[in-house]
Amino acid sequence: MKQNLHTHSIYCDGKDSIEEMVLEAIDRGFDSIGFSGHGYNYPNDPCSMSDESQQKYMEDIYRANDQYEGRIRIYLGIEEDSIGRRFDHNSFEYIIGSVHFIGQKEFAPIDYSEARFAQILHDWFHDDLLAMAKVYYEAVKEVASREEVDIIGHVDLIAKYNENGKYFDFEDPQYLAYAYDAIDVGIANGKIFEMNTGAIARGYRTMPYPHISLLKYIHDHKGKICMSSDCHNRANLDLDFEVCLELAKMVGFKEMMVLGDEGFVAVPIEEMKA
Ligand SMILES: [Zn+2]
Ligand SMILES: [Zn+2]
């Protein structure tokens with residue numbers, strides 16, 4: 001079983017067309033692929049889909065699913081942002097809920113660039129990473145309690161630029177307490193946490209989200225996981241899936257969640273392909 005439900009196309013901030021992505025997925029032996037274009041955010045967010053591009057995105061995916069029937073199953077999903085429009089299962093087969101922006105009255109993107117991240121940390125939080133983490137994980141908690149959300153996207157995105165602990169200690173008890181608190185809400189609401197290799201593709205990280213301590217916590221508290229590459233370029237469609245499988249096994253997971261025609265089902269890790 002090989003699946004990736006976190007992918008982006010030219011309709012938002014991805015590089016490739018739906019068809020290019022689908023052909024790549026077939027080529028790499030995927031059983032299914034899901035598209036999760038960025039749902040409409042606010043008027044100035046160039047990464048999210050306008051009403052018009054969302055319409056075309058949906059039509060293009062329906063068309064591809066018909067055209068490639070029997071070769072691959074294509075799922076229509078969306079990545080909804082904590083501060084953007086909310087979606088439902090009448091229009092989409094699954095929904096990823098993600099936090100990319102933090103703030104209160106004003107919002108700023110924490111993952112656009114390291115310079116922007118450092119600026120937000122400095123200007124809004126006086127370089128107090130824990131204060132920033134508190135606000136970030138509060139937003140994750142809110143998303144994790146939304147009924148429509150199936151998958152929590154990159155749960156510790158705040159650590160995107162923290163390779164080698166540059167901004168904070170991954171094991172800081174206060175940091176972990178905020179993160180665990182958000183994870184608890186996700187688990188209580190039956191959400192799936194994704195192992196996401198997107199930051200590896202972009203050269204910021206050497207390991208997938210979530211950090212190993214969080215992954216262990218999810219496992220020990222009977223949380224569910226899936227695996228994705230948050231793909232913005234088809235060359236990375238299955239990037240480091242083997243690393244995800246190894247890590248998941250290492251911390252003790254026996255299963256991963258996969259979307260099928262009847263909804264999400266647990267599949268033994270041994271049956272998952274990288
Ligand atoms: Zn995202
Ligand atoms: Zn994404």
Side-chain angles (χ1 to χ4, degrees), residues 3-18 21 24-25 33-42 45-49 53-54 57 61 75-87 92-103 107-114 116-117 120 136-137 139-144 146 148-162 179 182 186 191-205 208-211 214 225-241 244 259:
Q3 179 177 76
N4 186 355
L5 295 178
H6 197 151
T7 70
H8 297 279
S9 70
I10 48 171
Y11 292 108
C12 53
D13 57 348
K15 184 183 142 293
D16 305 301
S17 69
I18 299 290
M21 295 281 281
E24 188 71 29
I33 180 173
F35 287 93
S36 58
H38 289 288
Y40 180 75
N41 244 339
Y42 58 88
D45 178 16
C47 294
S48 74
M49 294 187 287
S53 36
Q54 185 190 310
Y57 163 81
I61 290 169
Y75 292 102
L76 171 62
I78 197 149
E79 183 175 10
E80 83 175 25
D81 194 277
S82 58
I83 63 162
R85 185 177 292 163
R86 293 176 66 168
F87 300 88
F92 296 96
E93 293 176 281
Y94 68 96
I95 296 169
I96 299 177
S98 297
V99 176
H100 303 102
F101 296 82
I102 59 169
F107 293 90
I110 62 166
D111 67 331
Y112 271 21
S113 69
E114 183 169 358
R116 191 87 173 89
F117 173 85
I120 298 166
Y136 170 78
Y137 282 112
V140 174
K141 263 162 80 172
E142 191 275 316
V143 166
R146 293 181 179 183
E148 74 272 18
V149 168
D150 301 293
I151 298 171
I152 297 173
H154 39 66
V155 67
D156 54 344
L157 185 68
I158 192 167
K160 179 169 181 176
Y161 306 110
N162 197 45
K191 307 306 184 198
I192 300 164
F193 296 87
E194 60 169 7
M195 298 188 76
N196 174 319
T197 62
I200 304 175
R202 290 163 184 243
Y204 295 114
R205 294 269 298 251
Y209 305 110
H211 185 259
L214 305 188
I225 55 164
C226 67
M227 112 181 128
S228 83
S229 71
D230 202 343
C231 184
H232 290 72
N233 175 336
R234 66 188 192 276
N236 300 320
L237 199 56
D238 52 8
L239 182 76
D240 282 350
F241 271 22
C244 291
L259 183 59

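These figures come from a predicted structure and were not determined experimentally. Remember, it's 1-based here, ligands and their atoms both numbered in the order they're listed.
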Asks: Could you check if a side-chain atom of Phe35 sits within less than 4.5 angstrom of a side-chain atom of Met21, using non-hydrogen atoms only?
Replies: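 The answer is yes; the side chains approach within 4.5 Å.
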Asks: Can you name the N/O/S atom of Glu79 that is nearest the Zn ion (ligand 2)?
Replies: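 The nearest such atom is OE1.
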Asks: Which atoms form the tightest heavy-atom contact between Lys191 and Ile152, and what is the distance?
Replies: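 In terms of heavy atoms, the two residues are closest at CB-CD1, 3.7 Å.
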Asks: Please examine the side chains of Leu157 and Ile110, heavy atoms only from C-beta on, and report whether any two atoms are closer than 4.5 Å.
Replies: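 Yes, at least one pair of side-chain atoms sits under 4.5 Å.
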Asks: May I ask you to check if any N/O/S atom from His100 comes under 2.8 Å of the Zn ion (ligand 1)?
Replies: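 Coordinating: yes.
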Asks: Measuring from Glu80:CD to Ile96:CD1, what's the distance to the nearest 0.5 Å?
Replies: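 Glu80 CD to Ile96 CD1: 10.5 Å, rounded to 0.5 Å.
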Asks: Can you measure from CG (Leu214) to CE (Met195) and round to the nearest 0.5 angstrom?
Replies: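 Answer rounded to 0.5 Å: 11.0 Å.
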Asks: Looking at the Zn ion (ligand 2), which N/O/S atom of His6 is the nearest one?
Replies: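 The closest N, O or S atom of His6 to the Zn ion (ligand 2) is NE2.
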Asks: Looking at Asp230, pick out the N, O or S atom nearest to the Zn ion (ligand 2) and give its name.
Replies: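 The closest N, O or S atom of Asp230 to the Zn ion (ligand 2) is OD1.
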Asks: Examine all N, O or S atoms of His154, backbone included, and report whether one is under 2.8 Å from the Zn ion (ligand 2).
Replies: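 So His154 does not count as coordinating the Zn ion (ligand 2).
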